[in-house]
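Only a predicted model underlies this, so the values are computations on that prediction, with no experimental measurement involved.
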Amino acid sequence: MPEDKEQASKEGDLRPYRVYAIEYGTVIDHIPHGKALKALEVLGLTTKTTEHIMTVGMNLESKKHGHKDVVKIEGKELTDKEVNKLAMLAPTATINIIRNHSVFKKMTVEVPKEIVGILRCSNPNCITNHLTTPTKFVSIKKHPLTIKCWYCERAMVGDEIQF
């Protein structure tokens, strides 16, 4: 047994902290395992210009889902548009807004009935792929998430849904 674990065992504190607490920011929990990095990409947080410190936990044990991913973003609270993006990628995710090391607000993500200007239509002939018209989709099924383009009526599910 390594010295740190022996010391923790002697003190009676056996809970391992794999992802540390943050003072201010957002914790995205219950992301389906394997999707944490995609969540950061969808939120635009993978560029070299991002100023936020991020902690990613992948394939963590979850009582509800077996395994999950967790993302902590220090110094940033998600906007409504970012929450809607996340809902389409990870509909089981929960979001905790952290202020002064405490949970200020906790919410579950919810796929909106109408999705405007967030996704791309997978139909190459759709008007939204040729004009500057903002995309618009209607959510028609939650499990599995299925959406339909408001303009060309193409239904998309799973990996067909593009950001």
Side-chain angles (χ1 to χ4, degrees), residues 17-22 24-47 50-99 101-129 133-163:
Y17 289 97
R18 294 184 176 159
V19 182
Y20 296 95
I22 59 174
Y24 167 78
T26 302
V27 176
I28 307 167
D29 198 1
H30 300 105
I31 300 170
H33 78 95
K35 291 192 172 182
L37 298 178
K38 182 69 177 176
L40 290 173
E41 181 184 324
V42 165
L43 295 173
L45 296 172
T46 56
T47 63
T50 189
E51 61 201 43
H52 305 288
I53 296 172
M54 292 171 281
T55 306
V56 177
M58 297 179 73
N59 207 25
L60 303 172
E61 289 181 27
S62 169
K63 291 177 184 171
K64 285 184 181 176
H65 307 291
H67 291 89
K68 66 179 182 178
D69 291 353
V70 174
V71 172
K72 293 188 175 193
I73 308 164
E74 293 187 47
K76 177 174 178 56
E77 293 183 8
L78 298 182
T79 64
D80 289 343
K81 186 174 182 178
E82 291 169 326
V83 171
N84 287 340
K85 284 181 176 180
L86 194 59
M88 286 171 272
L89 177 72
T92 58
T94 57
I95 296 175
N96 295 312
I97 303 298
I98 308 297
R99 294 184 184 165
H101 293 284
S102 297
V103 176
F104 174 75
K105 184 178 180 183
K106 184 172 189 165
M107 61 185 133
T108 56
V109 297
E110 189 169 320
V111 176
K113 188 69 184 156
E114 286 190 357
I115 306 143
V116 178
I118 294 175
L119 303 172
R120 289 185 8 201
C121 183
S122 63
N123 178 0
N125 296 322
C126 181
I127 190 171
T128 60
N129 288 318
T133 305
T135 59
K136 183 177 178 180
F137 297 89
V138 177
S139 171
I140 54 176
K141 188 177 172 188
K142 290 189 176 186
H143 301 285
L145 178 60
T146 307
I147 60 172
K148 185 169 80 173
C149 178
W150 192 79
Y151 295 99
C152 71
E153 299 187 351
R154 175 177 276 198
M156 293 175 274
V157 64
D159 291 339
E160 291 177 295
I161 299 172
Q162 302 169 4
F163 292 89

(request) Might you point out which heavy atoms bring F137 and M156 nearest each other, and give the distance in Å? (result) CE2-CE, 2.9 Å

(request) Would you check if T92 and P32 make a side-chain contact, meaning some heavy-atom pair closer than 4.5 Å? (result) yes

(request) Please tell me if the side chains of L145 and S139 come closer than 4.5 Å, counting only heavy atoms from C-beta onward. (result) yes

(message) Taking the side chain as everything from C-beta on, heavy atoms only, tell me whether I28 gets closer than 4.5 Å to L78.
(response) yes

(request) Can you tell me which residue pairs pass the salt bridge (charged side-chain N to carboxylate O under 4.0 Å, His left out) test with a partner in residues 77-89, sequence neighbours excluded? (result) K76-E82, E77-R99

(request) Could you tell me whether the side chain of I98 reaches within less than 4.5 Å of the side chain of V103, counting heavy atoms only? (result) yes

(request) Check whether any side-chain N or O of R154 sits under 3.5 Å from a backbone N or O of C121 as a donor-acceptor pair, and report yes or no. (result) no

(message) I'd like to know if D29 pairs up with K68 as an ion pair, taking the criterion as any Lys NZ or Arg NE/NH1/NH2 lying under 4.0 Å from an Asp or Glu carboxylate oxygen.
(response) yes

(request) Please lay out, stage by stage, how V27 and I22 fare under the test side-chain contact (heavy atoms from CB on, under 4.5 Å). (result) CA-CA 9 Å; V27 176; I22 59 174; 4.2 Å; yes

(request) Enter the distance from E74:CD to M54:CE here, rounded to the nearest 0.5 Å. (result) 10.0 Å

(request) Report the distance from atom OG1 of T135 to atom CZ of R120, rounding to the nearest 0.5 Å. (result) 10.0 Å

(request) Return each pair, listed once, that meets ring-ring contact (aromatic ring centres under 6.0 Å, His included) where at least one residue sits in residues 73-99; pairs must be two or more places apart or across chains. (result) none

(message) Please report the interatomic distance CD(E114) to CD1(I147), rounded to the nearest 0.5 Å.
(response) 12.5 Å

(request) Check for a donor-acceptor pair, side chain of D69 on one end and backbone N or O of H30 on the other, with a separation under 3.5 Å. (result) no

(request) Could you check if a side-chain atom of Q162 sits within less than 4.5 angstrom of a side-chain atom of L119, using non-hydrogen atoms only? (result) no

(message) Using every non-hydrogen atom in the two residues, find where A36 and V56 come nearest and quote the distance to one decimal.
(response) CB-CG1, 3.7 Å

(request) Specify the closest pair of heavy atoms between A90 and V109, including all atoms of both residues, with the distance to one decimal. (result) O-CG2, 3.4 Å

(request) Determine the minimum heavy-atom distance between A39 and L86, stating which atoms define it. (result) CB-CD1, 3.9 Å

(request) Decide yes or no for M58 and L37: does some side-chain heavy atom of the first lie under 4.5 Å from some side-chain heavy atom of the second? (result) yes

(request) Determine whether V71 and L45 make a side-chain contact, defined as any pair of heavy atoms from C-beta on separated by less than 4.5 Å. (result) no

(request) Kindly check if the number of other-residue, nucleotide or ligand heavy atoms within 6.0 Å of CD (E110) is above 12? (result) no

(message) If I take atom NE2 from residue H143 and atom NZ from residue K141, how far apart are they, to the nearest 0.5 angstrom?
(response) 10.0 Å

(message) When you measure from the side chain of T146 to the backbone of P144, do you find a donor-acceptor pair of N or O atoms at a distance under 3.5 Å?
(response) yes

(request) Report the distance from atom CD1 of I115 to atom NZ of K148, rounding to the nearest 0.5 Å. (result) 12.5 Å

(request) Would you indicate whether the side-chain heavy atoms of E41 and F163 approach each other to under 4.5 Å? (result) no

(request) Give the intermediate values and the outcome of side-chain contact (heavy atoms from CB on, under 4.5 Å) for residues M107 and I97. (result) CA-CA 9 Å; M107 61 185 133; I97 303 298; 4.3 Å; yes

(request) Starting at CD of E153, measure out to CG of N123 and round the result to the nearest 0.5 Å. (result) 11.0 Å

